[in-house]
Protein chains: 2
Amino acid sequence: MTTSRRPRADARRNYERLLAEADAAFRGGGVTASLEGIARRAGVAIGTLYGHFPNRRTLVGALLRDRNEQLFQLGDRLIAQQSPDALDTWVRAVTEHAATYGGLAVMLADGLDDEASELHASCLRMADVGEQLVAHARKAGALRLDATGADVTTLTTAAASLHEHLSPDAADRLITLTLAGLAPRHSSERHM
Amino acid sequence: MTTSRRPRADARRNYERLLAEADAAFRGGGVTASLEGIARRAGVAIGTLYGHFPNRRTLVGALLRDRNEQLFQLGDRLIAQQSPDALDTWVRAVTEHAATYGGLAVMLADGLDDEASELHASCLRMADVGEQLVAHARKAGALRLDATGADVTTLTTAAASLHEHLSPDAADRLITLTLAGLAPRHSSERHM
DNA sequence: CGATTAAGCTGAGGCTGCCTCGACAAATCT
DNA sequence: AGATTTGTCGAGGCAGCCTCAGCTTAATCG
């Protein structure tokens, strides 16, 4: 049996430093920020960065893991509570999430059919939450009959993209309008 | 007074070749396609490309000029005709337009406050068309009272972005939903 | 048809960024 | 301590951006 060794202390330290610097860099310059710059600021050679994260996606994925987990908890809560504006809350939360690093939404959208990364899994799970929220809302008569989970995915992706390139307000407005468009055709007493 | 010379024939030829190659490259690889590759395929040194087009934006702008003109003609026609689905037609046309080169929508959105380029002017004019269409539709009672031209701009930008990163269908769906959301709150006899 | 001259062309070179890989260092284990 | 494995280092190859000093060559003039 492979009685594996304890991981090296310096390795763990470098890993943490890289994550911290990457987070700062991605927040400031978007997901395309220079990896060499990140390594340099982490006080580590470029090869070390690649040792820990074979590619950019892996690095982004590692950074997103915790954040994603929180999002899923919110999703589960919303599904359980069945609040009328659950869908609204969800869409805005995901949009906000996807806007933390510039270019993140595009990166995710581009690589959806990619190799099995944790990013991929997370995307699927997010889609699933959207699907469930739509199903509930539709049963409650709050949505038009042809509304789908894909509509929610589309909307959040679009809003996240706008969040980066136009203003947060524009993204918010688009969400409001599209959700209004998802309402049943012959009006009901939805808010606003 | 400066009796200026006739422009050199080779210069004009190179200009045309560069445009042709750039169009092909941008269609295939998006607006970030390699400029050196374009120059090479045009049978011209990289310096020549930069001689004609000091930066990427200029090159894209030159390619878009004709296309934009056509779009504006459509816009004028739509405004004149006052057809009920003018807004719908317009949004879809602009979206289609912005999707010819991958990344175009982002490029335009990023550089709206940039130096005075013809791109900038075109964007303003497009916004203006949207504004007018909204005004007409609202007077006709086809739109909710708080609808603005900015909403149209937002929508087209978002749809164009989706067109690239997800599917054309997704973009189309978003347009449909958002336009539905722009309808008056207490239903009328809109199509679909 | 030269000669003149300005417009235009060229491509090496400096820079940044991506990523790999063989040589090296050091932490762990015995 | 010595052996072993794990991790680090950074030069180097590649591609793309952009500039600029020197060179061509097309247009013009006599």
Colleague: Whole Å only: how far is the OH atom of B:Y15 from the P atom of C:dA7?
Modeller: 18 Å

Colleague: If you look at every strand shown and take non-hydrogen atoms under 4.0 Å, does B:G51 touch a base, only sugar-phosphate, or nothing?
Modeller: nothing

Colleague: Report the distance from atom CG of B:D10 to atom P of C:dA6, rounded to the nearest whole Å.
Modeller: 17 Å

Colleague: On DNA chain D, which is the earliest and which the latest nucleotide, 5' to 3', with an atom closer than 4.0 Å to a heavy atom of chain B?
Modeller: D:dG16 to D:dT28

Colleague: Would you kindly give the CZ-to-C1' distance between A:R12 and C:dA26, to the nearest whole Å?
Modeller: 18 Å

Colleague: Tell me, do A:D23 and A:L19 make a side-chain contact under 4.5 Å, heavy atoms counted?
Modeller: no

Colleague: Output the rounded distance in Å from CZ (B:R8) to P (C:dC9).
Modeller: 6 Å

Colleague: Is it the case that B:N14 and B:T48 place a side-chain donor and acceptor less than 3.5 Å from each other?
Modeller: no

Colleague: Just how far, in rounded Å, is C1' of C:dA27 from CZ of A:R13?
Modeller: 11 Å

Colleague: In sequence, state the C-alpha distance, the side-chain angles, and the governing distance for B:T95 and B:V91, and then conclude on side chain to side chain contact (heavy atoms under 4.5 Å, CB included).
Modeller: CA-CA 6 Å; B:T95 300; B:V91 171; 4.1 Å; yes

Colleague: Within 45° of the ring axis of B:F72 and under 6.0 Å from its six-membered ring centre, is that where the NZ or CZ of B:R125 lies?
Modeller: yes

Colleague: Would you indicate, yes or no, if C:dG8 has its OP1 or OP2 atom less than 4.0 angstrom from a side-chain nitrogen or oxygen of B:T48?
Modeller: no

Colleague: Could you write out each protein N or O paired with an N or O of nucleotides 17-19 of chain C at a distance under 3.5 Å?
Modeller:
| from | atom 1 | to | atom 2 | distance (Å) |
| --- | --- | --- | --- | --- |
| C:dC18 | OP1 | A:L35 | N | 3.4 |
| C:dC18 | OP1 | A:R56 | NH1 | 3.2 |
| C:dC18 | OP1 | A:R56 | NH2 | 3.4 |
| C:dC18 | OP2 | A:L35 | N | 3.1 |
| C:dC18 | OP2 | A:E36 | N | 3.3 |
| C:dC19 | OP2 | A:Y50 | OH | 2.7 |
| C:dC19 | N4 | A:E36 | OE2 | 3.1 |

Colleague: Hey, which of these two, B:R6 or B:L49, hits DNA chain C nearer its 5' end, going by closest nucleotide?
Modeller: B:R6

Colleague: At their closest point, which heavy atom of A:S122 faces which heavy atom of A:N68, and how far apart are they?
Modeller: OG-ND2, 3.1 Å

Colleague: Using whole Å, report how far CZ of A:R5 lies from C1' of C:dT28.
Modeller: 4 Å

Colleague: Give the minimum heavy-atom separation between B:W90 and B:L71, together with the two atoms involved.
Modeller: CZ3-O, 3.5 Å

Colleague: Could you check whether any side-chain heavy atom of B:V44 comes within less than 4.5 Å of a side-chain heavy atom of B:R17, counting everything from C-beta outward?
Modeller: no

Colleague: Could A:D169 and A:R173 be called an ion pair, given the rule that one side-chain N must be under 4.0 Å from one carboxylate O?
Modeller: no

Colleague: Answer yes if the side chains of B:Q70 and B:D66 hold a donor-acceptor pair under 3.5 Å, and no otherwise.
Modeller: no

